[in-house]
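For ligands, and for the atoms within them, numbers begin at 1 and follow the listed sequence.
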Amino acid sequence: MAPVETVMKFKEYILSNPDAAALAGRHLLKMNDLSKEEILAVLDFAEKMKTGAISRAEQLEVLPGCTLAEIFEKPSLRTRVSFETGIYQLGGQGLYITSGEIQIGVRESVYDISNVLTRMVDIAMARVFKHSTVADLAKYAKKPVINGLCDTEHPCQALADILTLKEERGEVKGLRFAYIGDGNNVCQSLMVICAKLGIGFVCACPKGYYPAEDYLALASRLADENGTYFELTESPAAAAAGADVVYTDTWTSMGQEEEAKQRQEAFAGYRVDDALMAKAGSRCIFMHCLPAHRGFEVTDSVMDSPQSRIFEEAENRLHAQKAVMGLLGRK
Ligand code: CP
Ligand code: NVA
């Protein structure tokens, strides 16, 4: 990559980008909290930091001396490391808090936790079982709250995914995105971000594992508004036909371990393998939010193929999360 000659100051960047500036003090609980312009502003800021157009030294001026609370009711590799490394690179520090420690709603109420926490820290990120927990944290918070995955959404993942697709193709409008598998959190955030950015989205899920009705309605409406399409099918082959991206996620999400066997049966025809990838476009890439269960939702051959962008995608969690924290947490 050629060295970037002009290093931009963070303050100048904010002054030059009203959509980025408008995010200060806001929450990110679901993908629909951001307008199309705001999504593009987050992605642009992430790209500027990743490429060094805003240098690592300058990035230390984004959130100097700020603290991020990272609340985890479930395990994590990418989310924890991207937020914790990210806040450090922006001049602040992270504070890892497990559910065993604060016991949300057990040791004390969400109301009390939110009030106490957000009087001390500058940003809170929470990975929770129920969307209502992160929504309640935000409702009572005095500082921005970021959803680090819940039962209904994973907006930070979707931003990193589209950053990856932008790097791959430049213009993303008009591309075809095929999601194969469980229509839950990751899928629902992707449906919304793709519809907002004019990306055609085809979701292939077995009966009983469709996205929620309200997300189906939202994605269809947003797709109409942005000149694209949203489709739901039970056929992975139909979804993958002509796709620019084939994406999958685990069949058994965290907290559903007891359903693993029944899910393996329901999703048996939904494995992403070489034959399915062959139905896609010649420039098609494979993506997965990870962690992957190799041999279940995807074969080793696809995970490790030249079309796979899984590790670029994982790295982009760092750049996307820095952009989210930097813009929402800006004073
Ligand atoms: N993709 C993702 O959120 O990974 P982690 O569960 O490891 O954070
Ligand atoms: N759907 C998965 C995503 C993990 C990042 C889960 O909720 O476990």
- [ ] For the pair Arg176 (side chain) and Ala241 (backbone), establish whether a donor and an acceptor sit closer than 3.5 Å, ignoring hydrogens and angles.
- [x] yes
Open item on the list: When you measure from the side chain of Arg26 to the backbone of Asp33, do you find a donor-acceptor pair of N or O atoms at a distance under 3.5 Å?
Closed with: yes
Which of the numbered atoms in ligand 2 are under 4.0 angstrom from any heavy atom belonging to [X]?
| X | result |
| --- | --- |
| Thr250 | 2 (C) |
| Leu290 | 5 (C) |
| Leu149 | 3 (C), 4 (C), 5 (C), 7 (O) |

Task: Sub-6.0 Å ring centroid separation between Phe45 and Phe10 - done: yes
TODO: Might you work through the side chain to side chain contact (heavy atoms under 4.5 Å, CB included) test for Ile123 and Lys143, ending with a clear yes or no?
DONE: CA-CA 6 Å; Ile123 312 173; Lys143 306 283 169 52; 5.9 Å; no
Task: ligand 1 versus Leu290: contacting region, heavy-atom distance under 4.0 Å - done: backbone
Task: side chain to side chain contact (heavy atoms under 4.5 Å, CB included) evaluation trace for Thr79 with Arg317 - done: CA-CA 7 Å; Thr79 303; Arg317 292 294 305 278; 2.9 Å; yes
Task: N or O contact, Arg80 vs ligand 1, cut-off under 3.5 Å - done: no
TODO: Would you check the N or O atoms of Cys289, main chain and side chain alike, for any that come under 3.5 Å of an N or O of ligand 1?
DONE: yes
Open item on the list: Between Leu77 and Val81, is there a side-chain heavy-atom distance shorter than 4.5 Å?
Closed with: yes
TODO: For the pair Tyr179 and Phe201, name the ring-plane relationship: parallel under 30°, tilted 30 to 60°, perpendicular over 60°.
DONE: parallel
- [ ] Quick one: do Leu197 and Asn226 satisfy side chain to side chain contact (heavy atoms under 4.5 Å, CB included)? Show the steps, please.
- [x] CA-CA 7 Å; Leu197 298 183; Asn226 292 293; over 6 Å; no
TODO: Compute the shortest N/O to N/O distance between Ser253 and ligand 2 and return yes if it is under 3.5 Å, no if not.
DONE: yes
- [ ] Looking only at distances, please establish whether an N/O atom of ligand 2 is found under 3.5 Å from an N/O atom of Asp249.
- [x] yes
For [atom], find the nearest protein heavy atom and state the residue, atom name and distance (0.1 Å precision).
| atom | value |
| --- | --- |
| atom 8 (O) of ligand 2 | Met254 N, 2.8 Å |
| atom 4 (O) of ligand 1 | Arg78 NE, 2.8 Å |
| atom 2 (C) of ligand 1 | Arg317 NH1, 3.2 Å |
| atom 6 (O) of ligand 1 | Arg127 NH1, 2.8 Å |
| atom 7 (O) of ligand 2 | Asn185 ND2, 2.8 Å |

TODO: Go through Cys156 and Ile146 one step at a time and tell me if the side chain to side chain contact (heavy atoms under 4.5 Å, CB included) criterion holds.
DONE: CA-CA 8 Å; Cys156 294; Ile146 301 169; 3.6 Å; yes
Task: Geometric cation-pi criterion, Arg80 with Tyr96: 6.0 Å, 45° - done: yes
Open item on the list: Show the atoms of ligand 1 that are less than 4.0 angstrom away from any heavy atom in His154.
Closed with: 2 (C), 3 (O)
TODO: Number the atoms of ligand 1 from 1 as they appear, then name those within less than 4.0 Å of a heavy atom of Leu77, with their elements.
DONE: 5 (P), 7 (O), 8 (O)
